[in-house]
Student: 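Just passing along the structure, written as structure tokens.
We count ligands from 1, going down the list as the structure has it; atoms in each ligand are counted the same way. Just so you know, these numbers use all the heavy atoms, side chains as well, and skip hydrogens, waters and symmetry mates. These numbers come from a predicted model, not from an experiment.
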Amino acid sequence: MSLSFSLASGTPASVDTPCLVIGAFSLGVLTDAASAVDTASGGAITRRIEAGDFDGKPGSMAMLYELDGVKAPRVLLVGLGVKAEFSPQRFHQACAAAGKKVSALKIASATVWLSALDVPGRDAAWAVRTAALAFDHAAYRYTATFQADAASKASTLGALALAGTGQEAALDQASAMAEGVYFARHLGNMPPNICVPAWLAEQASEFARGHEGVEVEVLEREQMQALGMHSLLAVGRGSANAPRLIVLQWHGGKDGDKPYALVGKGVTFDSGGLNIKPTGSMEEMKFDMCGAAGVLGAFVAAVKMKLPLNLVCVVPSVENMPDGNSYRPSDVVTTMSGQTVEVLNTDAEGRLILCDALTYTQRFEPQAIVDAATLTGACVIALGAHATGLMSKHDDLADELLAAGEATLDRAWRLPLWDDYQKMLESVYADFANIGGRPAGAITAGCFLSRFTEGQRWAHLDIAGTAWESGRKGMASGRPVPLLAQWLIDRC
Ligand code: BES
Ligand code: MN
Ligand code: ZN
């Protein structure tokens, strides 16, 4: 569950809340809310700054207790850095740091005044929504697979009030996006012995059952066989967990309006197949369905916002395993498009399921297709954990997605999809191969997909570096739900 949001009423000093969160810049420059608390408390904040307990640097914090003249028993003072350097990123960082602190307290609610700050280049609605989402992100806890005491692992924080006069609409948007992000993180974090293709399909179906205007269809092996999805089926062949193709539709627009289409890679576990991954590279491959989780999360957000558009979400889901029945390096498969592919590496499986899903998606005559996939390690090397790799031959669509990323700070960076790279996919035995070699690995993967989207307005998001935080304690990030949800909002 995500946090429930409301607008704060009253003044910082008078608001009745277990914890009040306010900001202050470096060099003793107070925000309006901090000034108000300082005045009400007879200079308590100024005294702490003068004593050297708080310097206002980005990420710095001080908790002040039971201030005279202030109703809240706790006041969390959050550093915003030098005022002249204040930026959307700084604002987001401050909210994230404060959210981490507040969600670790044993309190059920808090009130955030950071959302009333003037953020350079952004409006008041943005500040409210961004603060809400940052706190929600920080309050997320994974509890799904602990024994009975799971409740003790959860954060007690359930509700958040935010300052921001008249910003009801921003809060509604934040709630919808938070639910989408939660949905994506929940699916992403689930272990791969539970999150198999059929389970993923069940999550989508359950959502569809609970929401009017949502239609779901789940295709099984036989139906995909009949459609000629031999590439997708080849990848799934080595697994005891049968593949699924999940198709969700939201009819929020007019009948006959061409839909927007989202396609997400749903490899519930990527062992590499017969080209098996070495120790150290396989442990995090339960996250290889985060593209699926991301597009499903964006779908959830769009439905929760009741966006007035038509949307279709297509998720090819398989498990990539080594087995006596596995597909092999040097197999040639015929894709649903009719094009043949030489499989030179069974670990380049994402593109082999996406290609058939992209072909299938065209039956909806979408006005744009965006796919999201944890597609290449090369993208992680190129852009690290901060930027999603964006590839498109359509400058206008690319610009829309880049803008949506900037607006939500769920940012993408564009890589070229020039035809020059296409010849790296040449094959002697089939129309082309599924790998292009080490150089430009993220781009040649994009080039491969581009061969299945001819004539379509299409963009590809490689989220291999951004969909989860790496490491033993790393969790799904919920990206690119904010980017995609914002892109859809902007289309309305
Ligand atoms: N799921 C992986 C990509 C990946 C790797 C995502 C590491 C996040 C972290 C994908 O299926 C894969 O294995 N790609 C190969 C492609 C190669 C064989 C051309 C890769 O990137 O090494
Ligand atoms: Mn792989
Ligand atoms: Zn993969």
Student: What pair of heavy atoms forms the shortest contact from Asp347 to Asn275, and how long is it?
Tutor: CB-O, 3.9 Å
Student: Testing Leu461, Leu375, Leu415 one by one against Met391 for a side-chain contact (heavy atoms from CB on, under 4.5 Å), which residue passes?
Tutor: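 In the set Leu461, Leu375, Leu415, the residue that makes a side-chain contact (heavy atoms from CB on, under 4.5 Å) with Met391 is Leu415.
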Student: Given side chain to side chain donor-acceptor pair (under 3.5 Å), test Asp270 with Asn320 step by step and report yes or no.
Tutor: CA-CA 5 Å; Asp270 181 12; Asn320 187 22; 2.9 Å; yes
Student: Closer than 2.8 Å to the Zn ion (ligand 3), which protein N, O or S atoms?
Tutor: Lys265 NZ, Asp270 OD2, Asp288 OD2, Glu349 OE2
Student: Less than 3.5 Å apart, any donor N or O on the side chain of Asp356 or Thr335 sitting next to an acceptor on the other?
Tutor: no
Student: Quick check on ligand 1: any N or O pairs to the protein under 3.5 Å? One line per pair.
Tutor:
{"residue": "ligand 1", "atom": "1 (N)", "partner": "Lys265", "partner atom": "NZ", "Å": "3.3"}
{"residue": "ligand 1", "atom": "1 (N)", "partner": "Asp270", "partner atom": "OD2", "Å": "3.3"}
{"residue": "ligand 1", "atom": "1 (N)", "partner": "Asp288", "partner atom": "OD1", "Å": "2.8"}
{"residue": "ligand 1", "atom": "1 (N)", "partner": "Asp288", "partner atom": "OD2", "Å": "3.0"}
{"residue": "ligand 1", "atom": "1 (N)", "partner": "Thr374", "partner atom": "O", "Å": "3.3"}
{"residue": "ligand 1", "atom": "11 (O)", "partner": "Lys265", "partner atom": "NZ", "Å": "3.2"}
{"residue": "ligand 1", "atom": "11 (O)", "partner": "Asp270", "partner atom": "OD2", "Å": "2.9"}
{"residue": "ligand 1", "atom": "11 (O)", "partner": "Asp347", "partner atom": "O", "Å": "3.1"}
{"residue": "ligand 1", "atom": "11 (O)", "partner": "Glu349", "partner atom": "OE1", "Å": "2.8"}
{"residue": "ligand 1", "atom": "11 (O)", "partner": "Glu349", "partner atom": "OE2", "Å": "2.9"}
{"residue": "ligand 1", "atom": "13 (O)", "partner": "Lys277", "partner atom": "NZ", "Å": "2.9"}
{"residue": "ligand 1", "atom": "13 (O)", "partner": "Asp347", "partner atom": "O", "Å": "2.9"}
{"residue": "ligand 1", "atom": "13 (O)", "partner": "Asp347", "partner atom": "OD1", "Å": "2.8"}
{"residue": "ligand 1", "atom": "13 (O)", "partner": "Asp347", "partner atom": "OD2", "Å": "3.2"}
{"residue": "ligand 1", "atom": "21 (O)", "partner": "Gly377", "partner atom": "N", "Å": "2.7"}

Student: Is Lys153 close enough and on-axis enough to Phe146, meaning under 6.0 Å and within 45°, for cation-pi?
Tutor: yes
Student: Please check if the number of heavy atoms outside Glu469 that lie under 6.0 Å from its CD is greater than 12.
Tutor: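 No, not enclosed.
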Student: Using side-chain heavy atoms (C-beta onward) and a distance below 4.5 Å, is Trp250 in contact with Cys313?
Tutor: no
Student: On the six-membered ring of Phe91, is Arg122 placed so that its NZ or CZ lies under 6.0 angstrom from the centre and within 45° of the ring axis?
Tutor: no
Student: Quick check for you: within a radius under 2.8 Å, how many protein N, O or S atoms neighbour the Mn ion (ligand 2)?
Tutor: 4
Student: Side chain to side chain donor-acceptor pair (under 3.5 Å), that's the test. Do Ser271 and Glu319 meet it? Break it down for me.
Tutor: CA-CA 8 Å; Ser271 70; Glu319 187 180 41; over 6 Å; no
Student: Return the minimal non-hydrogen interatomic distance between Phe135 and Ala98, and the atom names on each side.
Tutor: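 For Phe135 versus Ala98, the nearest heavy atoms are CZ-CB, 3.7 Å.
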Student: How would you list, by chain and number, every residue that makes a side chain to side chain donor-acceptor pair (under 3.5 Å) with Arg472, sequence neighbours excluded?
Tutor: none
Student: Between Phe452 and Trp458, is the ring centre distance below 6.0 Å?
Tutor: no
Student: Set out, in order, the CA-CA distance, both residues' side-chain angles and the distance that settles salt bridge (Lys or Arg N to Asp or Glu O under 4.0 Å) for Arg414 and Asp395, then state yes or no.
Tutor: CA-CA 10 Å; Arg414 196 169 174 191; Asp395 293 343; 2.8 Å; yes
